[in-house]
> 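This is the structure I have questions about; it appears just below.
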Amino acid sequence: MKIAGTYTLPFEQEKAYRSLQDPALLAKCMPGVESLEQVGDAQYAMKMKMVMATVSGSFDGKVTVADPHPFTEFRLIVEGSGKIGFMKGDGRLHLKPAADGTEVAYEGDVNVGGTIAAVGQRLIDTTAKMIIKKFFEKLVKEVRAA
Amino acid sequence: MIPVNFDYVSPSTLDDALGMLADGSAKALAGGMSLIPSMKLRLSAPEKIIDLGRITGLNSITEAEGGIRIGAMATHHEVESSRLLREKCPLLAEAASNIGDVQVRNMGTIGGSAAHADPAADYPASLLALEVKLRIRSASGERVVDAADFFVDTFTTALEPGELITEIHAPVEEPGTGVNYQKMVQPASGYAMVGVAVRIRRAGGKITFARVGVTGLSGKAYRAVHVENAITGRAGNPAEIQAAAALVGQDVESNSDIFASAEYRMEMARIYTARAIATALARTA
C-alpha cells in the first residue's frame, strides 16, 4: 500500500534532518518502540509493542537509514515481525524549508502480512497514518523539551 | 480460533466492576463483538476479563430531564426496537438497525461500540450528529464528556484506563426535525464504507438547523461542519443539497483499503451525504 503525506516541523532544516536520524530520539517518538540499538552502519535493531484497539502484539525488527543526502533527503526502511504478523515500510523523506520551519514530505510503501493483515486489511491505512502523525507530534515535543 | 488462557470475572454490580478495573490491567467485556474475535485470533491476549453482562440496570432506556438516557449495555437490538427512541430520537434507532447483522445486534452494545471507536462503526456518526453526552465512571468518580471530545482518533477515545461509559444522553428531537442515516455497506463485514447521519429542521422555507455526522471516510468519525454551514439558511433544493454535500470531505483525509480507494470513498461520501440530507428533509414535514 502506498502512503504519502507531509508534516511541518517547527525547526530549521539541519536540526530537523538530524532529529529524524537520531536513534535515541526515534526510539522515544515511535509509538510502541521499547528499544532501538545500533547494530551496524545506519542500521538499528528495534523491539516494539503495538497496542491498537483490541489488538496487541510484539514485533522484533530493524530500522535502516539509507541513501542519505544531508539535509534534504534520506530513505528509511522499517521492518518487523511477530506472532501476529509482519510489516515492512520503505520510504523516502524529503526535507525543504517552509515559512514556519521545515516541511517533511514522505512517500513510500507499507506492506503488512500475517493474521493482522488477513483480518485487519481495512485498518492498515488508518493505522499507518495515525502512527506517523503521533510520531511527528512526539518528535516536536521531545526536540522542544531537549 | 482458541484464545490464550485468561481469568474471567462477572461482577453483579457496577461498583464491583469499577473496583476490578481500577488498576487498568483488566479488560472490560461488553457485547464482545470486537474483543472476542480478536482474542480468538490471538491478536489480543488480555490476562483478565471483567464481563459487564451480569450488571443489572445498565441497559435501560428512559426519558429524563428533557433527554433520553440510554444505558451503555443496551444492545443494538434494544436501541433499534425501543418505542421511546423511535418516537423521540429516531436517528439512533435507525442507526442501530443498520449495524452488522441480527446476531451482532443482539449481542453488541452502544457503550461497547462507542468505547471501541472503530473508524467504520455506525454509531459514532449519529452520536456526533446528536451531540450526545457520555457519562463516564471510574472507581474514583464520574464525569460527563461531549461526543465531540470523546472520539479522539482511530480507536482512541477520551476514556482513561479504569473508566467505563455508563450512560449516553441523547436529546429528544424537536417536532419537525427530520433525520436519516445512510450507509454504504461493506458486504462481507457489514461495516460502513461510508455512513452519514443527518438531523435537519426547516422553518418558513429555510433550513434553520443541520447536523451531519460522518463515519467510515477517515480515521475517525467527525461532524461535517462545512456541510452544515453550507445547507443552513438554504431552501434545500437538489442543487443546494449537492453543493453542500460536496464539502463533506473538506479538511479530511480519506481512507483507502483493498475495498475502496480514497477517491472512490470520497465520491461515495458526497453521494451518501446528499441522499441523507434529501431523505432527512423529506421527513421534516
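FYI, side chains are in, hydrogens and waters are out, and symmetry mates aren't considered; it's all heavy atoms of this structure. Proteins come first, then strands; the chains are lettered A, B, ... in the order of their sequence lines, and each starts at number 1. These numbers were taken from a predicted model, which means no experiment stands behind them.
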> Quick one: does any side-chain atom of Asn255(B) pair with a main-chain N or O of Thr126(A) as donor and acceptor, under 3.5 Å?
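A pair under 3.5 Å: no.
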> Any Lys/Arg nitrogen of Asp153(B) or Lys133(A) sitting under 4.0 Å from an Asp/Glu carboxylate oxygen of the other?
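Yes, Asp153(B) and Lys133(A) are salt-bridged.
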> Around atom CG of Asp41(A), are there more than 12 heavy atoms from other residues, nucleotides or ligands closer than 6.0 Å?
no
> As a quick check of understanding, evaluate side chain to side chain contact (heavy atoms under 4.5 Å, CB included) for Phe155(B) and Leu123(A), giving each step before the final call.
CA-CA 10 Å; Phe155(B) 295 120; Leu123(A) 299 168; 3.6 Å; yes
> In this structure, are over 12 heavy atoms from other groups packed under 6.0 Å from Arg92(A) atom CZ?
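Atom CZ in Arg92(A) is packed in, count exceeds 12.
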> Are Arg122(A) and Tyr191(B) in a cation-pi setup, meaning NZ or CZ lies under 6.0 angstrom from the ring centre and within 45 degrees of the ring axis?
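The answer is yes, since Arg122(A) meets both limits relative to Tyr191(B).
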> State whether the number of non-hydrogen atoms from other residues, nucleotides or ligands found under 6.0 Å of Glu137(A) atom CD is greater than 12.
yes
> Measuring heavy-atom distances to chain A, does Ser254(B) have an atom under 4.5 Å in its side chain, in its backbone, in both, or in neither?
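Contact with chain A: backbone only.
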> Supply the atom-to-atom distance Ser56(A) OG to Lys27(B) NZ, rounded to the nearest 0.5 angstrom.
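Taking OG in Ser56(A) and NZ in Lys27(B), the distance rounds to 9.0 Å.
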> For Asp101(B), look at atom CG and say whether over 12 heavy atoms of other residues, nucleotides or ligands are found less than 6.0 Å away.
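Result for CG/Asp101(B): enclosed.
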> Report the distance from atom NZ of Lys2(A) to atom OG of Ser256(B), rounding to the nearest 0.5 Å.
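OG of Ser256(B) is found 12.0 Å from NZ of Lys2(A).
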> Can you tell which of Asp118(B), Leu41(B), Leu43(B) has the highest number of heavy-atom pairs within less than 4.5 Å of chain A?
Leu43(B)
> So with a 6.0 Å cut-off around CD of Gln38(A), is the heavy-atom count from everything else above 12?
yes
> How many angstroms lie between NZ in Lys83(A) and CZ in Arg42(B), if you round to the nearest 0.5 Å?
8.0 Å
> In Å, rounded to the nearest 0.5 Å, how long is the span from NZ of Lys134(A) to OG1 of Thr154(B)?
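It comes to 9.0 Å.
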> With a cut-off of 6.0 Å (strictly less than), are more than 12 heavy atoms of other residues, nucleotides or ligands near CE of Met20(B)?
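It does: Met20(B) CE has more than 12 such atoms within range.
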> Which atoms of Ile116(A) come close to chain B, meaning under 4.5 Å heavy atom to heavy atom: side chain ones, backbone ones, both, or neither?
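Answer is both: backbone and side chain atoms of Ile116(A) are under 4.5 Å from chain B.
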> Around atom CZ of Arg54(B), are there more than 12 heavy atoms of other residues, nucleotides or ligands at under 6.0 Å?
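No, because the 6.0 Å sphere around CZ of Arg54(B) holds 12 heavy atoms or fewer from other groups.
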